[in-house]
Every structure is written in C-alpha cells, then in structure tokens.
Enquirer: 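Dropping a structure here in structure tokens format, bear with me for questions.
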Amino acid sequence: MRVTREIPTHWQMPGNAQMLNRQTVVADYSYQHCPLGDYDESCLQQTASGTSTNSTTDSQASNLSPDMKVYKEVIRYESAPLSELLSWKATSQDMFNIAVTPLAKRYPPIDSKRPKTLVCHDMMGGYLEDRFIQGADSKDPYVFYHWQYIDIFVYFSHRMFTLPPVCWTNTAHQHGVSVLGTFITEWEDGAKTCESFLAGDESTYKAVADQMVALARFYRFDGWLINIENVLSPVAVSRMPLFLSYLTEKLHSEVPGGLVLWYDSVIHTGELKWQNELNDDNR
C-alpha cells in the first residue's frame with residue numbers, strides 16, 4: 001500500500017506513538033492473516049522510514065509468505081450513495097480512520113458569542129490530492145498552516161458524503177479546531193436524492209440523520225456542513241427544517257461540541273437562490 005506524503009503539520013501515525021513533523025514518510029502495512037478470516041489490530045505489522053521510496057513493489061510483495069496480504073490501496077471514505085450510507089457498518093479495517101486526538105480547548109471557546117472563522121478548502125479541486133488517509137501522488141497537495149486563526153475547518157468535495165481523513169481531524173483537533181464533513185446534493189440527481197429521503201415518512205430522514213451522527217461519532221469528527229445546491233419540491237423544502245433540527249439535536253446528544261452548519265443556497269420556497277447573508281428568505 002503506497003502511503004507516501006509530505007506531512008504538512010504534526011501527525012500521529014496509526015499504531016505508532018511517535019509524532020512526526022513535516023517529513024516525507026513511507027509506511028508499508030502488511031496484515032497477518034487471522035484465524036477467523038478477518039484482520040484486526042493485533043495482526044498489524046508496520047515499518048516506517050523517512051525515505052522517499054514511492055511504494056511497496058511487486059517484488060517486495062512476492063517475497064511475503066502466502067498468509068500475508070498487502071493493501072496497496074489506502075483505506076479511505078470519501079463518498080457514498082444514500083443507500084450505502086444507510087447500510088454502513090464499521091469494520092475492523094476502519095481503525096485506520098478513527099481520530100485519536102481529542103479536540104483541544106481554546107480561548108475563547110467556540111460556543112462563545114463572537115465572530116468565527118471557517119475555512120472550506122473547495123478551491124479548484126484542491127481536495128482531490130489531499131483526500132488520502134496516508135499519502136498522495138502530488139508533490140504539492142493542499143496544506144493548511146494557520147490553524148491559530150480559524151475555528152472550523154470543513155473537509156469538502158463534490159461527492160454526496162465526504163468524511164474528513166483522520167490526519168486532518170487529528171491535526172485540527174490538536175489546534176482546537178472543529179472539523180466537519182460535507183453532505184452535498186447537486187443538480188437533478190441531487191433533487192431526486194432529497195426527494196427520496198425528505199418527501200416520504202419521517203423515519204426516512206431520521207434514518208439518514210442517525211447514520212450521519214453514527215459516522216461522526218465513530219470516526220470522531222465534529223459534525224456536518226449541509227450543502228443543498230438543487231431545487232427542492234414543496235414537500236421536501238417543508239421537511240428540510242425537520243431534518244436539520246433532528247440531525248442537530250441527535251448530534252449534540254452524541255458528539256460533544258458537535259456542529260451542523262447550513263450552506264446558503266436554497267431559500268424557503270425551495271428555489272436555488274444564493275443570498276450571501278442570513279435573512280428572512282433562508283433563515
């Protein structure tokens with residue numbers, strides 16, 4: 001599994017307590033085959049070096065014993081159709097994606113009555129190279145250095161559900177910055193998706209919200225940006241506040257300090273009409 005990356009800030013390698021700071025790291029993860037046919041933490045073997053080798057080669061893989069399996073693909077969660085969200089269950093491989101750094105306290109706290117600064121890295125596809133958990137082919141993927149100046153970081157992509165990679169969550173938390181995943185719907189397909197979970201029984205939108213909360217709780221990020229960029233039917237737009245209220249209440253009960261943010265795009269009539277402010281049309 002190739003995991004080469006220029007580490008932008010402090011990052012704790014999975015299974016290794018040593019903190020690494022701005023160096024190119026290569027780690028090859030091999031999995032001892034477990035008796036039950038699964039892989040768990042006790043089966044993990046890891047080697048890491050500060051070299052610039054690009055990947056585990058086929059010849060290296062061929063030298064492994066038959067009961068070893070090498071994952072050359074990074075384990076990542078960047079998007080999923082609605083049906084996949086509803087059927088999601090954690091597996092033993094998901095331990096690589098769980099943040100281990102708690103959200104540091106900062107002053108003044110994020111819930112204080114003051115202006116807050118949010119960074120969303122949707123900039124010319126900048127997220128395309130930094131989405132991997134432990135590596136990227138690009139020599140200059142998007143990085144962020146000025147954590148002391150922001151309160152919230154949104155990990156964004158134009159996929160329906162985007163979960164923050166663990167290295168981003170750990171780094172942001174170290175600096176007291178909350179990290180949000182993104183739920184986005186766009187265009188005609190997005191309208192159909194919204195109709196499918198908002199226009200029916202309330203149990204449907206509650207099931208979607210429950211899974212979104214479960215993902216944030218399991219992977220230990222701090223909430224969601226809700227980015228609806230398509231027209232909503234009268235029924236769907238009438239249900240959207242109910243969905244948002246339920247999601248927010250559920251998240252607050254299960255994720256301490258959890259946040260749900262609404263992107264300014266759809267107004268109360270269901271039209272896609274940006275306001276660039278909070279007003280009576282989008283409140």
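Numbers here simply count residues along the sequence, with the first being 1.
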Enquirer: Run Val154 and Val119 through side-chain contact (heavy atoms from CB on, under 4.5 Å) and show every step you take.
Expert: CA-CA 6 Å; Val154 176; Val119 168; over 6 Å; no
Enquirer: I'd like to know if the side chain of Asn282 and the backbone of Asp264 have a donor-acceptor N/O pair within less than 3.5 Å.
Expert: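 No, because the side chain of Asn282 does not come within donor-acceptor range (under 3.5 Å) of the backbone of Asp264.
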Enquirer: Indicate if Trp187 and Met240 have the same hydrophobic cluster label, given that clusters are the connected sets of ILVMFWY residues with side-chain heavy-atom separations under 4.5 angstrom.
Expert: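 Result: no, two separate clusters.
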Enquirer: Between CG of Leu272 and CD1 of Ile228, what distance do you get to the nearest 0.5 Å?
Expert: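 Answer rounded to 0.5 Å: 10.5 Å.
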Enquirer: Answer yes or no: is there a donor N or O on one side and an acceptor on the other, between the side chain of Ser245 and the main chain of Pro241, under 3.5 Å?
Expert: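 Flag set: sc Ser245 to bb Pro241 pair under 3.5 Å.
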Enquirer: Stepwise, does the ring pair (Phe, Tyr, Trp, His ring centres under 6.0 Å) test hold for His121 with Phe144?
Expert: CA-CA 9 Å; His121 75 336; Phe144 185 78; 9.8 Å; no
Enquirer: Would you say the side chains of His175 and Gln148 form a donor-acceptor pair under 3.5 Å?
Expert: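 No, no side-chain donor-acceptor contact under 3.5 Å.
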Enquirer: Hydrophobic clustering (ILVMFWY, side-chain heavy atoms < 4.5 Å, transitive) - are Ile226 and Val235 grouped together?
Expert: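 No, separate clusters.
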Enquirer: Should the pair Tyr219 and Phe221 be assigned to parallel (<30°), tilted (30 to 60°) or perpendicular (>60°) ring geometry?
Expert: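 The rings of Tyr219 and Phe221 lie parallel, inter-plane angle below 30°.
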Enquirer: If only atom types and distance count, is the side chain of Lys116 paired as donor or acceptor with the main-chain N or O of Arg114 below 3.5 Å?
Expert: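 Checking the backbone N and O of Arg114 against the side chain of Lys116, a donor-acceptor pair under 3.5 Å is found.
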Enquirer: Ignoring hydrogens and angles, tell me if any N or O in the side chain of Lys273 forms a donor-acceptor pair with the backbone of Thr269 under 3.5 Å.
Expert: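 The answer is no, because no donor-acceptor pair under 3.5 Å joins these two groups.
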Enquirer: Could you give me the CA-CA distance, side-chain angles and deciding distance for Gln174 and Thr101, then say whether side-chain hydrogen bond (donor to acceptor under 3.5 Å, both in side chains) is met?
Expert: CA-CA 6 Å; Gln174 185 179 17; Thr101 304; over 6 Å; no
Enquirer: If I take atom CD1 from residue Ile267 and atom CG from residue Leu232, how far apart are they, to the nearest 0.5 angstrom?
Expert: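 Atom-to-atom, Ile267:CD1 and Leu232:CG are 10.5 Å apart.
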Enquirer: Quick one: pull up CG in Asp210 and OG in Ser203 and give me the separation to the nearest 0.5 Å.
Expert: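 Answer for the CG-OG pair, Asp210 versus Ser203, is 10.5 Å.
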Enquirer: Does the Arg220 side chain pair with the main chain of Ile98, one donor and one acceptor, at a distance under 3.5 Å?
Expert: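 Pair absent, no side-chain N/O of Arg220 close to backbone of Ile98.
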Enquirer: Are any of the side-chain heavy atoms of Asp151 and Ser178 separated by less than 4.5 Å?
Expert: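 Of all side-chain heavy-atom pairs linking Ser178 with Asp151, none is under 4.5 Å.
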Enquirer: For the rings on Tyr155 and Trp224, is their centre-to-centre separation under 6.0 Å?
Expert: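 Ring centroids of Tyr155 and Trp224 are no less than 6.0 Å from each other.
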Enquirer: Between Trp262 and Phe197, is there a shared hydrophobic cluster once you connect ILVMFWY residues whose side-chain heavy atoms come closer than 4.5 Å?
Expert: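 Yes, Trp262 connects to Phe197 through the hydrophobic network.
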Enquirer: For the residue pair Phe243 and Phe183, categorise the inter-ring angle as parallel (less than 30°), tilted (30 to 60°) or perpendicular (more than 60°).
Expert: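 Aromatic pair Phe243/Phe183 classed perpendicular.
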Enquirer: Does a donor on one side chain and an acceptor on the other come within less than 3.5 Å for Asp280 and His268?
Expert: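 Result is no, nothing qualifies.
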Enquirer: Go through the steps for Ser157 and Arg159 under the test side-chain hydrogen bond (donor to acceptor under 3.5 Å, both in side chains), then give the verdict.
Expert: CA-CA 5 Å; Ser157 85; Arg159 305 296 183 97; 5.2 Å; no
Enquirer: Does Ser253 reach the main-chain N or O of Lys250 with its side chain, forming a donor-acceptor pair under 3.5 Å?
Expert: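 Yes; at least one donor-acceptor contact below 3.5 Å.
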Enquirer: Between Thr193 and Asp189 (side chain of the first, backbone of the second, donor and acceptor by atom type, cut-off under 3.5 Å), is there such a pair?
Expert: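 Confirmed, Thr193 side chain pairs with Asp189 backbone.
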Enquirer: Distance-only, no hydrogens or angles: does the Glu229 side chain make a donor-acceptor pair with backbone N or O of Thr185 under 3.5 Å?
Expert: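 Looks like no, no N/O pair under 3.5 Å.
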